[in-house]
Amino acid sequence: GSANALIEAAQFGVTTVAFSISSIPEMIEDKQTGFLIPAFDESLMSKVIADIIENKIETSQHQINSKILIEEKFLFKDKVKQIEGIINES
């Protein structure tokens, strides 16, 4: 789904902009790892995207932060290691 697309985009350093609906806020921390737009506010969505394209918004730190967030919360290999650690503790 679209949530997976956001994870993949963040892994590759693409600045993410999405409506704040469903599980999206778990993947984007507004103005830290990308931009959350209030649900269906197309006007604000288009403004933020235009500002990014026109370099009015510095996004390099967002890209770094989003990669870190995705690695910590969503990467499968890390989840496997966490589960292995729990199993080995038993």
Side-chain angles (χ1 to χ4, degrees):
S2 63
N4 287 336
L6 289 173
I7 292 170
E8 292 169 0
Q11 280 183 282
F12 289 98
V14 175
T15 300
T16 53
V17 181
F19 290 119
S20 183
I21 56 173
S22 188
S23 64
I24 303 303
E26 293 177 35
M27 288 163 268
I28 300 174
E29 295 174 357
D30 192 34
K31 298 179 184 77
Q32 299 299 313
T33 62
F35 298 91
L36 285 174
I37 307 300
F40 310 111
D41 186 342
E42 292 118 358
S43 175
L44 181 58
M45 171 75 81
S46 62
K47 179 183 180 338
V48 170
I49 292 171
D51 287 351
I52 291 169
I53 291 169
E54 295 170 5
N55 293 315
K56 292 180 181 176
I57 298 175
E58 173 56 46
T59 60
S60 60
Q61 192 60 49
H62 296 112
Q63 294 163 349
I64 293 166
N65 292 344
S66 65
K67 284 183 178 183
I68 292 168
L69 177 73
I70 297 305
E71 288 173 4
E72 290 175 353
K73 290 180 83 172
F74 298 104
L75 287 187
F76 182 74
K77 66 181 179 178
D78 295 332
K79 295 299 173 193
V80 170
K81 287 180 185 177
Q82 288 176 342
I83 292 169
E84 286 174 342
I86 293 168
I87 292 170
N88 291 334
E89 289 176 3
S90 301

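Worth saying up front: this structure is predicted, and the values here are computed from it rather than measured. Values reported hereafter were calculated over all heavy atoms of this structure, with side chains retained and with hydrogens, waters and symmetry mates removed.
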- Task: Identify the heavy atoms of K73 and E26 that sit nearest to each other, and give their distance.
- Result: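 Answer, listing the atom of K73 first, then E26: NZ-O, 2.9 Å.
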- Message: If you compare all heavy atoms of H62 against all heavy atoms of K31, which two are closest, and at what distance to 0.1 Å?
- Response: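 Nearest heavy atoms, H62 then K31: NE2-O, 3.2 Å.
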- Message: Please tell me whether L6 and L69 are part of a single hydrophobic cluster in this structure, the criterion being side-chain heavy atoms less than 4.5 Å apart.
- Response: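 Different clusters.
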- Task: Output the distance between atom CD1 (I70) and atom CE (M27), rounded to the nearest 0.5 Å.
- Result: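 Rounded to the nearest 0.5 Å, the CD1-CE separation comes out at 7.5 Å.
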- Query: How long is the span from the CG atom in L44 to the CZ atom in F35, to the nearest 0.5 Å?
  - Reply: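 Those atoms lie 10.5 Å apart.
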- Task: Say whether, by atom type as modelled, one donor and one acceptor occur between the side chain of N88 and the main chain of E84 under 3.5 angstrom.
- Result: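 Yes, because the side chain of N88 sits within donor-acceptor range (under 3.5 Å) of the backbone of E84.
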Side-chain donor-acceptor pairs of residues 10-23 under 3.5 Å, sequence neighbours excluded:
from: T15; atom 1: OG1; to: Q63; atom 2: NE2; distance (Å): 3.1

Return all side-chain donor-acceptor pairs below 3.5 angstrom for residues 48-55, not counting sequence neighbours, or 'none' if the list is empty.
from: D51; atom 1: OD2; to: K47; atom 2: NZ; distance (Å): 2.7
from: E54; atom 1: OE1; to: K56; atom 2: NZ; distance (Å): 3.2

- Query: Which other residues end up in the same hydrophobic cluster as I68, if Ile, Leu, Val, Met, Phe, Trp and Tyr are linked when side-chain heavy atoms come under 4.5 Å apart?
  - Reply: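 Members other than I68 - counting any ILVMFWY side chain reachable under 4.5 Å - are I64.
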- Query: Just checking, any donor-acceptor pair under 3.5 angstrom between side chains of Q61 and N65?
  - Reply: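 On atom types as modelled, these side chains qualify, holding a pair under 3.5 Å.
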